[in-house]
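Taking it in order: structure first as structure tokens, then the write-up.
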Amino acid sequence: MFYWVVKAILGPLLAVLWQPRAEGVENVPRRGPAIMVSNHLSFSDHFFGPLPLPRKITFLAKSEYFTGTGVKGFASRAFFSGVGQIPIDRSGGKASEAALRTGLRVLKRGDLLGIYPEGTRSPDGKLYRGRTGVARLALESRAPVVPMAMINLEKIMPPGRTVPKLGVRPQMKFGEPLDFSRYYGMEEDQRVLRAVTDEIMYALMELSGQEYVDRYAQAVKKEQDAEAKEARREQHADDKERRKADRARRKEERKARKAAEREQKKASEEG
């Protein structure tokens with residue numbers, strides 16, 4: 001119920017402020033389970049993606065949305081819990097298996113399951129390599145896979161921004177359902193899982209128009225964070241050297257000024 005209340009309130013507001021466009025809504029099944037796979041550009045994907053659909057999408061959301069502290073943490077936890085989003089632990093291993101089982105339960109109910117195959121938001125607007133968990137979900141559930149491309153969402157609310165930017169018109173594209181029935185019963189084959197995942201990412205690339213990078217977004221983020229940290233360290237070292245040089249210069253200036261004062265005093269006494 002809370003999901004539809006939030007949608008009834010946010011829907012008209014988002015429509016007025018950003019005038020989002022949607023294409024291919026008819027490709028989403030009107031009933032029965034389906035896996036909605038989406039690129040992940042922004043926090044606002046959660047709001048705009050389901051907006052044009054008459055059905056609820058239950059997303060597997062990162063657990064950090066449910067564990068924050070303070071007012072912001074409470075608001076995030078209340079919102080995501082209220083709209084029925086499910087927290088998942090992205091640490092891998094047993095956590096990944098638990099997330100898979102959770103997704104399968106959603107599909108078994110006949111609902112729409114939303115998932116971001118990249119595993120995290122794109123750090124630069126490009127499309128990154130997909131995690132094979134989405135392929136296991138598709139093969140084990142035998143549910144149709146519907147590509148859902150977000151366009152321009154990174155311009156509205158990029159990582160680090162807390163206030164959405166106006167003047168940007170987002171677009172959501174829903175592609176034709178992907179059929180992987182030829183792979184049913186092969187969900188334990190890692191090569192099959194990679195092939196299915198790559199096919200899904202290719203469909204998203206075609207739909208979104210993004211540049212594809214055959215690397216995991218999380219690895220790229222770690223590199224960028226390390227580079228930023230190193231740049232800050234170097235900047236701190238440069239600032240330290242600059243302050244040291246400034247202190248030495250001021251010291252020399254004081255010495256020169258005192259020497260000049262002494263010479264002037266001596267000249268006055270002799271005169």
In residues 165-177, what donor-acceptor pairs under 3.5 Å come from side-chain atoms, sequence neighbours left out?
{"unit_1": "Arg169", "atom_1": "NE", "unit_2": "Gln19", "atom_2": "O", "d": "2.5"}
{"unit_1": "Gln171", "atom_1": "NE2", "unit_2": "Glu23", "atom_2": "OE2", "d": "2.7"}

Heavy-atom closest pair (Gly133 atom, Leu100 atom, distance to 0.1 Å) is O-CD1, 4.2 Å
Contact check, side chains of Phe180 and Ile200, non-hydrogen atoms, under 4.5 Å: yes
Other residues, nucleotides and ligands only: do more than 12 of their heavy atoms fall within 6.0 Å of OH on Tyr212? yes
Asp214 side, atom CG; Leu127 side, atom CG - distance, nearest 0.5 Å: 10.5 Å
In this structure, CG of Leu137 is separated from OG1 of Thr132 (nearest 0.5 Å) by 10.0 Å
Leu153: which of Ser42, Pro20, Ser122, Ser38 passes side chain to side chain contact (heavy atoms under 4.5 Å, CB included): Ser42
How long is the straight-line distance from CG of Leu107 back to CZ of Arg105, given to the nearest 0.5 Å? 11.0 Å
In sequence, state the C-alpha distance, the side-chain angles, and the governing distance for Arg249 and Asp246, and then conclude on salt bridge (charged side-chain N to carboxylate O under 4.0 Å, His left out). CA-CA 5 Å; Arg249 177 179 53 79; Asp246 286 344; 3.7 Å; yes
Considering only heavy atoms from C-beta outward, does the side chain of Val196 approach that of Glu199 to under 4.5 Å? no
The reported gap from OG in Ser44 to NZ in Lys155 (rounded to nearest 0.5 angstrom) is 13.0 Å
Taking all non-hydrogen atoms of both residues into account, name the closest pair between Arg142 and Gly185 and its distance. NH2-N, 4.0 Å
Within the distance-only criterion (no hydrogens, no angle test), does the side chain of Asp198 pair as donor or acceptor with the backbone N or O of Ala195 below 3.5 angstrom? no
Is NZ or CZ of Arg121 both nearer than 6.0 Å to the six-membered ring centre of Phe43 and within 45° of the ring axis? no
Do Thr197 and Arg194 have side-chain atoms, one donor and one acceptor, less than 3.5 Å apart? no
Let me confirm one number: the CG-CZ distance from Leu10 to Phe48, rounded to the nearest 0.5 Å. 9.5 Å
If you define the side chain from C-beta out and look only at heavy atoms, does anything of Asn27 sit under 4.5 Å from Pro147? no
Heavy-atom side-chain proximity of Val220 to Lys126 below 4.5 angstrom: no
Rounded to the nearest 0.5 Å, the CE atom of Met157 sits from the CZ atom of Phe47 at a distance of 7.5 Å
Can Tyr216 be reached from Val37 by stepping across I, L, V, M, F, W or Y side chains whose heavy atoms are under 4.5 Å apart? no
What are the two closest non-hydrogen atoms of Pro117 and Val134, and how far apart are they? CB-CG1, 4.2 Å
Do Arg233 and Glu230 touch side chain to side chain, with heavy atoms closer than 4.5 Å? yes
Start with the C-alpha gap between Glu140 and Arg101, add the side-chain angles, then the distance that decides, and say whether side-chain contact (heavy atoms from CB on, under 4.5 Å) holds. CA-CA 10 Å; Glu140 290 199 25; Arg101 297 300 154 198; 3.1 Å; yes
Under 3.5 Å donor-acceptor, Lys221 side chain and Thr120 backbone: no
Minimum heavy-atom separation for Ala138 to Tyr184, with atom names? O-CE2, 4.2 Å
Honestly curious: do Val25 and Leu51 fall in one hydrophobic cluster under the side-chain, below-4.5 Å linking rule? yes
Please identify each residue that fulfils side-chain hydrogen bond (donor to acceptor under 3.5 Å, both in side chains) with Gln210, with sequence neighbours left out. Asn39, Ser208
Tightest non-hydrogen contact, residues Leu60 and Leu113, listed as CG-CD1, 3.9 Å
Checking Leu193 against Leu139 for the side-chain contact (heavy atoms from CB on, under 4.5 Å) test, could you report, in this order, the C-alpha distance in whole Å, the side-chain angles of both residues, the deciding distance, and whether it holds? CA-CA 9 Å; Leu193 295 180; Leu139 298 186; 4.1 Å; yes
With sequence neighbours left out, which residue pairs that include part of residues 112-160 fulfil the ring pair (Phe, Tyr, Trp, His ring centres under 6.0 Å) condition? His40-Tyr116, His46-Tyr116, Phe59-Tyr116
Side-chain heavy atoms of Arg232 within contact of Lys229, under 4.5 Å: yes
Would you say Val146 and Leu41 are hydrophobically clustered, going by side-chain heavy atoms of ILVMFWY under 4.5 Å? yes
Determine the sole option in Gln235, Arg243, His236 for which the side chain to side chain donor-acceptor pair (under 3.5 Å) test with Asp239 is passed. Gln235
Quickly, which of Met148, Lys56, Arg55 forms a side chain to side chain contact (heavy atoms under 4.5 Å, CB included) with Leu112? Name it, please. Arg55
Would Ile151 and Met205 show up in the same hydrophobic cluster when neighbours are defined by side-chain heavy atoms closer than 4.5 Å? no
Check whether Met150 and Val213 end up in the same hydrophobic cluster, where Ile, Leu, Val, Met, Phe, Trp and Tyr are linked by side-chain heavy atoms less than 4.5 Å apart. no
What are the two closest non-hydrogen atoms of Met186 and Val192, and how far apart are they? CE-CG2, 3.5 Å
Whether over 12 other heavy atoms sit under 6.0 Å from Glu26 CD: yes
